Amino acid sequence: MGRPPLPTKTCDRCGRTITWRKAWERDWESVRWCSSACRKAGVNDTDRELEATMERMLDARSRSSSLCPSEVARAVGDDDWRDLMEPARNAARRLVAAGKAEVTQGGQVIDPSRAKGPIRVRRPR
């Protein structure tokens, strides 16, 4: 028998998985961010707008449909949508952490913290 898995939680900003570290032993309950960059940036109004837009777009589609984060970035950012691609992927990861969405690649549900390349977002099935 090996060690039990370390506790994890989700970063409030980017939605990536945070794994417990010895340095956080005393204040693990208050850890919210995976990095100082996420802590400094926090969750802003654009992040909340991307998340809300993604939920609206998912609700407007059939349960069997998915969407690309670029569709959400284009809906929110107009001509500046490319700058919103990573924030849109962050919004998708936060929705996954909340149990409101799934991230897929090639039709298979994947862990969004480890996703590389194009992804799709859909409602959980």
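Since the structure is predicted, the reported quantities are computational estimates derived from the model, not experimental observations.
- Take Glu29 and apply the salt bridge (charged side-chain N to carboxylate O under 4.0 Å, His left out) test, not counting sequence neighbours, and it matches no residue.
- A search for side-chain hydrogen bond (donor to acceptor under 3.5 Å, both in side chains) contacts involving Thr10 returns nothing, not counting sequence neighbours.
- With rounding to the nearest 0.5 Å, the separation of CG in Leu95 from NZ in Lys100 is 6.5 Å.
- Looking at every heavy atom in both residues, Leu50 comes nearest to Ala88 through CD1-N, 3.8 Å.
- Every salt bridge (charged side-chain N to carboxylate O under 4.0 Å, His left out) that Asp59 has, sequence neighbours left out, goes to Arg123.
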Exercise for the section: May I have the step-by-step check of side chain to side chain contact (heavy atoms under 4.5 Å, CB included) for Met54 and Met57, ending in yes or no? Expected result: CA-CA 5 Å; Met54 187 172 292; Met57 291 175 81; 5.9 Å; no
Indicate every side-chain donor-acceptor pair of residues 40-47 with a distance under 3.5 Å to a residue at least two apart or in another chain.
unit_1 : atom_1 : unit_2 : atom_2 : d
Asn44  : OD1    : Thr46  : N      : 3.0
Asn44  : OD1    : Asp47  : N      : 2.8
Asp45  : OD1    : Arg48  : NH2    : 3.1
Asp47  : OD1    : Arg13  : NH1    : 3.1
Asp47  : OD2    : Arg13  : NH1    : 2.5
Asp47  : OD2    : Asn44  : N      : 3.1

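- For Arg56, there are no salt bridge (charged side-chain N to carboxylate O under 4.0 Å, His left out) partners two or more places apart in sequence or in a different chain.
- Hydrophobic clustering, defined by side-chain heavy atoms of Ile, Leu, Val, Met, Phe, Trp and Tyr closer than 4.5 Å, groups Met85 together with Trp81.
- Atom-to-atom distance recorded for Leu84:CG and Arg82:CZ is 12.0 Å, nearest 0.5 angstrom.
- Within the structure, every pair that satisfies the side-chain hydrogen bond (donor to acceptor under 3.5 Å, both in side chains) test and touches residues 87-99, not counting sequence neighbours, is listed here: Glu51-Arg94, Glu86-Arg93, Asn90-Arg93.
- When the side-chain hydrogen bond (donor to acceptor under 3.5 Å, both in side chains) test is applied to Glu102, the partners found at least two apart in sequence or on another chain are Arg122.
- At most 12 heavy atoms of other shown residues, nucleotides or ligands fall within 6.0 angstrom of atom CZ in Arg21.
- Scored by the ring-ring contact (aromatic ring centres under 6.0 Å, His included) test, Trp33 finds no partners at all (sequence neighbours excluded).
- The side-chain heavy atoms of Leu58 and Val121, taken from C-beta on, include a pair separated by under 4.5 Å.
- Residues passing the side-chain hydrogen bond (donor to acceptor under 3.5 Å, both in side chains) test with Arg120 are Ser66, sequence neighbours excluded.
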Can I get a per-line list of side-chain donor-acceptor pairs under 3.5 Å for residues 68-76, giving both atom names and the distance, sequence neighbours left out?
unit_1 : atom_1 : unit_2 : atom_2 : d
Glu71  : OE1    : Arg61  : NH2    : 2.3
Glu71  : OE2    : Cys68  : N      : 2.9

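- Minimum heavy-atom separation, Ser113 to Gly15: OG-O, 3.9 Å.
- The closest side-chain heavy-atom distance from Thr19 to Trp24 is not below 4.5 Å.
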Exercise for the section: In sequence, state the C-alpha distance, the side-chain angles, and the governing distance for Trp20 and Lys9, and then conclude on side chain to side chain contact (heavy atoms under 4.5 Å, CB included). Expected result: CA-CA 8 Å; Trp20 183 88; Lys9 56 173 68 174; over 6 Å; no
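- In this view, Ser64 and Ser62 satisfy the side-chain hydrogen bond (donor to acceptor under 3.5 Å, both in side chains) rule, not counting sequence neighbours.
- With hydrogens and angles disregarded, no donor-acceptor distance shorter than 3.5 Å links the side chain of Thr104 to the backbone of Gly107.
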